[in-house]
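In what follows, a structure is listed as structure tokens, so that the remarks can point back to it.
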Amino acid sequence: MDKNNVLLFDCDGVLGDTERYGHLPAFNKMWAEKGVDWKWSVEQYGDKLKIGGGKERMLSLFADEDFLSIFKKPCNSVEIDEIIKSWHKSKTAIYKDIIFSGKVPARPGIPRLIKEAIDAGWTCAMCSTSAVESVEAVLVHAVGQDYAKRFAGIFAGDMVKAKKPAPDVYLLAVKELGIKPENCVVVEDSENGLKAAKAAQMKCLVTVNGYTKDENFGGASLVVSCLGDETEKCQVLANPFNLKIDNNIDLDIIKQIKKL
């Protein structure tokens, strides 16, 4: 493991457009199966994404008057916690089925960059607010079992006290992998993810998606529409350090970011 060259990936919105086409339908199908007359629209779920973590998003419903008009609030926090655990377990199973069905392809350039970095000896790891098994499913689907096994670790929201925008998951990666923040480049898709990476003193490349494209990415090393491949070219949205970008985001550009 090369501790001097480290590439850390967020999962949802980075490896695939999983929020809209994976998590959202999984939440809605779970409630339908549980007999709960509730569903989030695309816009409503976009607002919920400001809250880090699926369990936390579900917990917020117990302060939502519209939700409480169709669902009787339990008497205490213990009962609420049990309900959320049950919902989350069912939702995760549905989500994994969606991912492995092939309905959520890897975002442009993700398989290419990951394979290039690993083949060049870089240390790669996942740092996400999602549950470990959900991240594993997306990673395997995006790059295949062989490359997924070569990841140094998966660090997830349930492993830390505070989720993004707190830096905890990135600091956990630093501790567990024995790496230095200055040797890391993070690939994120959201303002909360960028804030977490910056708070951990790491450089950050942002690849936006439909939910995050209008967020504030001040402080990012580079902001692009996607990493780019033959199906969709990379569009540079912000390049504050005037990095040399010939076409798509490859390992040479990651090296430029690391040197900043």
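Residues satisfying the side-chain hydrogen bond (donor to acceptor under 3.5 Å, both in side chains) test with Glu33, not counting sequence neighbours, are none. For Ala117, the side chain to side chain contact (heavy atoms under 4.5 Å, CB included) partners at least two apart in sequence or on another chain are Leu7, Trp122, Cys124, Leu251.
In this structure, the side chain of Ser128 does not engage the main chain of Ala156 through any donor-acceptor pair within 3.5 Å. Looking only at distances, no side-chain donor or acceptor of Lys29 sits under 3.5 Å from a matching main-chain atom of Ile94. Judged by distance alone, with hydrogens and angles left aside, the side-chain atoms of Ser90 form no donor-acceptor pair with the main-chain N or O of Met30 at under 3.5 Å. Here the side chain of Glu215 pairs a donor or acceptor atom with the backbone of Glu191 at under 3.5 angstrom.
Side-chain heavy atoms closer than 4.5 Å link hydrophobic residues (I, L, V, M, F, W, Y) into clusters, and following such links, even through other members, never connects Val138 to Phe100. The cluster map of Ile, Leu, Val, Met, Phe, Trp and Tyr, joined by side-chain heavy atoms under 4.5 Å apart, puts Met1 and Val174 in the same cluster.
Residue Arg107 is tested with Asp229, Thr207, Asn209 for a side chain to side chain donor-acceptor pair (under 3.5 Å); the sole match is Thr207.
For the 3.5 Å distance criterion, the side chains of Lys34 and Ser86 qualify, holding a donor opposite an acceptor.
Salt-bridge annotation for Asp146 and Lys115: absent, with no side-chain N of the basic residue lying under 4.0 Å from a carboxylate O of the acidic one.
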Show me, pair by pair, the donor-acceptor contacts under 3.5 angstrom made by side chains of residues 11-28, not counting sequence neighbours?
from	atom 1	to	atom 2	distance (Å)
Asp12	OD1	Thr18	OG1	2.6
Asp12	OD1	His23	NE2	2.9
Asp12	OD1	Tyr95	OH	3.3
Asp12	OD2	His23	NE2	3.1
Asp12	OD2	Ser130	OG	2.4
Glu19	OE1	Tyr45	OH	2.7
His23	ND1	Lys91	NZ	2.5
His23	NE2	Tyr95	OH	3.4
Asn28	OD1	Trp40	N	2.8
Asn28	ND2	Trp40	O	3.0

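Using cut-offs of 30° and 60° on the angle between ring planes, the pair Trp31 and Phe67 is tilted.
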